[in-house]
Amino acid sequence: MAMELIPIGTILALVTNQVMKTAQAAKDIVIEKESFKVLSKHLFDIEPLLKELQLRQLNDSPAARLALEALEADVKKANTLVEKYKNRGRFYLLVKCRHIVHEVQEVTRDIGRSLAAFSIADTEVLSGISDQVNRLQSEMQKVEFKTSHSQLQIVDKLNQGLRDQKRDQCFANDMLEEIARAVGVPVEPSEISKELASFRREIEEAGNRKERAEVLFLEQVIELLSQADTARDFEEMKKQYFQRAQVIQRYDTQKEYIPPLKPFKCRISGEVMVDPVSLCTGTTCERAAIEAWFDCGKKTDPDTGDAKLSSGVDLKVEEALNQMQELIRENSINKDWISIGGLTDKINSILGSSHNREVRKKILITLKDMVEGHARNKEKVIEHQGFDYIVPCLGRDRSISMAAVELLYELLQDRSKWNESFCCQLSQQSSAILFLVTLLKGPVRESADHAEKILNKLFDVDEENISRAAKSGWYKPLIDRIVQGPESSRMSMMKALVTMELVDSNLKVLGEEGIIPPLLSMVASGNIELKELSLSVLVKLSSCHANKELIATGGGVPLVLKLMFSPHVCTILIVRCSEIVEKLSSEGNGVKFFVDEKGVQLELEPIIRELLALQQNSKSSNNFRRPALRALLGMCRSEAKLVKTAVLTANGVSLVLPLLDDPDSEIREIAVNLLFLFSQHESQGVVEYLLMPKRLEGLVGFLENDYNSDVKMAAAGLLANLPKSETSLTKKLIELDGLPAIINLLKSGSMEAKEHALSALFRFTDPANVKSQQIVVEHGAYPLFVNFLKVNSVTAKARAAALIGNLSMSSPKLTVASEKTGCWCFRTSCVPVCPAHGGICNVNTSFCLLEAKALPYIVKLLHDEVEETAYEAIQTLSTLVQDGCTQRGAIVLHDAGAINPVLDILTWGTDSLKGEAVGLLEKVFISKEMVDSYGTKARYLLVGLTGRNVHDDSLLGRKVAKVLSLVERYSKSSTSIIPGLF
């Protein structure tokens, strides 16, 4: 029927219905909802205007009909557009979203232009609603629709991938997942299959419409998306695989089929394997077939016929791996078929058992190809103990470790993010962190990058992995958590650090990487628990010299001391502060670290007083008394003047002496070390204390301490510093068996302890107390003294020589005179007479140094030309020329070759030593025979010594003059070489 025959009111009613129908349908479009929603709203706004025109009876004019017909046509176009996209596939709608938006925008503008025609069709009827019509038509003509940014990103990424000809499975997986999530389709194979089937129908319809460009574009899209895991029906692939396997089984060699792949067939039965196993040679067989093979007694390889199966994997495995790689490159679907055929499991197990380097490397590379972008294959590798086999490969040589870390990284990826479950499983591998840290520090940059990314993810999975990495030598993540992490992480990291076993080099690295400043900051402003943990870490770090400097330069020492000496600080903080101060002062020059942040030396005396004051509180815990005492000891050892401060101004002796009775053995031992230092300045108080009941027994106990040589040394040193005149102390030590303990130190102590023990023995070898000397000799000390003359420190040699000299002083009065039976030159005694003492001597009764074989070694001390030992040697040699045995002693010294080195001292010794040498020569030159032998040399040296000024009134000058007079008296010449001497 012609439109002109239909009443205009009827046409208006039909258009109104069409508008409502289209407006309602536009609301249900699933893609580009906003654009269709705006179109729907405008159509709904048109409907009341059209109804108003019906009520006002629009004039049936040509202009009105033309306007109405145009509106009807445009609304039909809108309805066609809505119907076109209402039931289309969601994937297709997203791919075409930019085009759809453009179509909706154009149809909306067209409707706006048609609506504008009404404003001039019937001005009288429209007079009441003209403003509404004008506003609506203006809005619709100016409308601009835009595709959502997220959808445009997906479409642009897809188009770029198509232009770049990306066909890898990883990109396909990402693309398909993004498209599915954008349009609300579950990422499940069944749902994805429906969408892809709908997409393929779109391609067919476009082909039917002869839209070749559209077909080509859509085919490229479907080809890419079909590569994704979820685009494949796994059950369907299995079905296809076994269908092909059946074809292989029906293979007729007389017909031409596609050759089957060897890896799929058993070498014994020739059938496709269901439960494949690999021999050590690499030959793969059906499990049941190879078991039957061995049950029959066959030991050869079913494939090669080798009589002895190799312990390695042969080249056939490599050949199979090459074929697998080629298949994967040809078509990604082969990844699924290889997995369905059981080869994934098989090469996974070979990786764990093979000792062939090249096979291991190729397996790792093949596995990476198989799992790349393939979630199902990743799950399969992990399920079959993949991590157990891959992780050890991280510790192999460079090429294998690189392949292993690349495979590991790929396994942990879940499209564009990490697979949390796999990361958690890897975290349980005990050696994974160690190997990854090793790769991180290795020379291969690619491996290091992958290792670092994996490690950082494992740190997010389990914070404990950060401490494991630190134990393996990578400290930066741990330090970063301590610096920037939340409080719980800081505490966790510091607790881990405190329990780690770290050598000096590890501690130095921690300091260099900046851990000390944040620790000091927490000490200054943290809560009690943070303070305690940070102090505990600082205790550990301060064992390293370099870190002591960092703590000092960071202003840590004043901070620690202030906290340590504050009156209302909990015990554990004082303990940790004391331990830090102890570590800082433990080195020989430890006080150099006691500076402020500007490097200015702190006042040390107040620190000493505070450390001593901590010992006065009887309620003080041993936990901080011990480190405080050790700190005090360290500071006193490193700065001698601090000992004087502690003794004189801080009353250190009286404060430390009671600690010898402390129940804590360690405190007692530190007290002994301190008293040893203090006794150099104030010994009387120590003596009085030791003479009290039960006190000296404790000191003897320290001498007998077999577990702490340092304490034994200090105890001996303490005794050495006490006045030798305190005979009551000497007597009591003998009664308490202190003497054997001191002598035992000569046998087994450290060199410093031996030196102190030698010094302590002087009180027992006083020539005025022969009985005490006898006890020393009876305990076997004399041979020990002689041994010290041979090879030991200078101090030990000097003290040993002096002790022998003390004993030798008593020899003349202890020598037993031999009985004479005739002329003095014809003695009949069978006991040898001592050439020095003129009687019967031995070591035990007369302490004769000749009998002790000590003389050669004492003479050697003179030849060594060392001031300290030469001085004591002369003193000891002088005991051989005492009154009553001068002549014999001189001859003994002559026979021992001692006189020439004594004369030589006049050329190199100090004035004090030269004076002792001249004193000895005075006794020697009483003998005319000695003057005859050495007079010329002595005369020359002595004259040179005085500078020919015989009237030198100094002590040395008077001694020289006296010796020269002796030389001149026995001179063969009657003329003096020194005018005016006689």
Pairwise distance CG(Leu632) to CG(Leu611) - rounded to 0.5 angstrom: 5.5 Å
Heavy-atom pair of closest approach, residues Ala873 and Leu861: CB-CB, 4.0 Å
Option passing side-chain hydrogen bond (donor to acceptor under 3.5 Å, both in side chains) with Ser586 (candidates His545, Lys548, Arg637): Lys548
Interatomic distance, Leu850 atom CG to Ser811 atom OG [nearest 0.5 angstrom]: 9.0 Å
Salt-bridge present (Glu872, Lys797; N to O < 4.0 Å): no
Gln882 side chain to Ser810 backbone, donor-acceptor under 3.5 Å: no
Glu603 atom CD, neighbour heavy-atom count above 12 within 6.0 Å: no
Candidate pair Ile775 and Phe764, rule side-chain contact (heavy atoms from CB on, under 4.5 Å), full reasoning: CA-CA 8 Å; Ile775 296 172; Phe764 301 99; over 6 Å; no
Asp664/Arg625 under salt bridge (charged side-chain N to carboxylate O under 4.0 Å, His left out): CA gap, chis, key distance, verdict: CA-CA 10 Å; Asp664 188 282; Arg625 290 174 67 210; over 6 Å; no
Neighbour count above 12 (heavy atom, 6.0 Å) for Lys790 NZ: yes
Derivation and outcome, side-chain hydrogen bond (donor to acceptor under 3.5 Å, both in side chains), residues Glu752 and Ser750: CA-CA 5 Å; Glu752 191 173 2; Ser750 65; 5.7 Å; no
Where Met751 and Ser793 come nearest, the two heavy atoms and their spacing: SD-OG, 3.6 Å
Lys962, NZ atom: more than 12 neighbouring heavy atoms under 6.0 Å: no
Donor on one side chain, acceptor on other, Thr886 and Lys923, under 3.5 Å: no
Interatomic spacing from CG in Leu814 to SG in Cys848 - rounded to 0.5 Å: 10.5 Å
Gln875/Asn806 under side-chain contact (heavy atoms from CB on, under 4.5 Å): CA gap, chis, key distance, verdict: CA-CA 9 Å; Gln875 293 286 327; Asn806 280 356; over 6 Å; no
Enclosure of Lys860 NZ (heavy-atom neighbours >12, cutoff 6.0 Å): no
Tyr857, OH: over 12 other non-hydrogen atoms inside 6.0 angstrom: no
Gap between atom CE of Met809 and atom OG1 of Thr879 - 0.5 Å precision: 7.5 Å
Nearest heavy atoms of Leu966 and Val931, plus distance in Å: O-CG2, 4.3 Å
Closest non-hydrogen atom pair, Glu916 against Ile874: O-CG2, 3.5 Å
Atom NZ of Lys813: over 12 foreign heavy atoms under 6.0 Å: yes
CA sep, side-chain torsions, deciding dist, call: Asp895, Ile891, side-chain contact (heavy atoms from CB on, under 4.5 Å): CA-CA 6 Å; Asp895 293 341; Ile891 294 171; 3.6 Å; yes
Inter- and intrachain pairs under salt bridge (charged side-chain N to carboxylate O under 4.0 Å, His left out), touching residues 666-675, at least two apart: Arg626-Glu666, Arg630-Glu666
Rounded distance (nearest 0.5 Å) linking atom NZ of Lys914 with atom CG of Leu921: 13.0 Å
Heavy-atom pair of closest approach, residues Val794 and Glu868: CG1-OE1, 3.5 Å
Minimum-distance pair of heavy atoms, taken over all atoms of Val776 and Ile743: O-CD1, 4.0 Å
Stepwise side-chain contact (heavy atoms from CB on, under 4.5 Å) test for Asp766 and Lys724: CA-CA 9 Å; Asp766 186 351; Lys724 310 299 184 292; over 6 Å; no
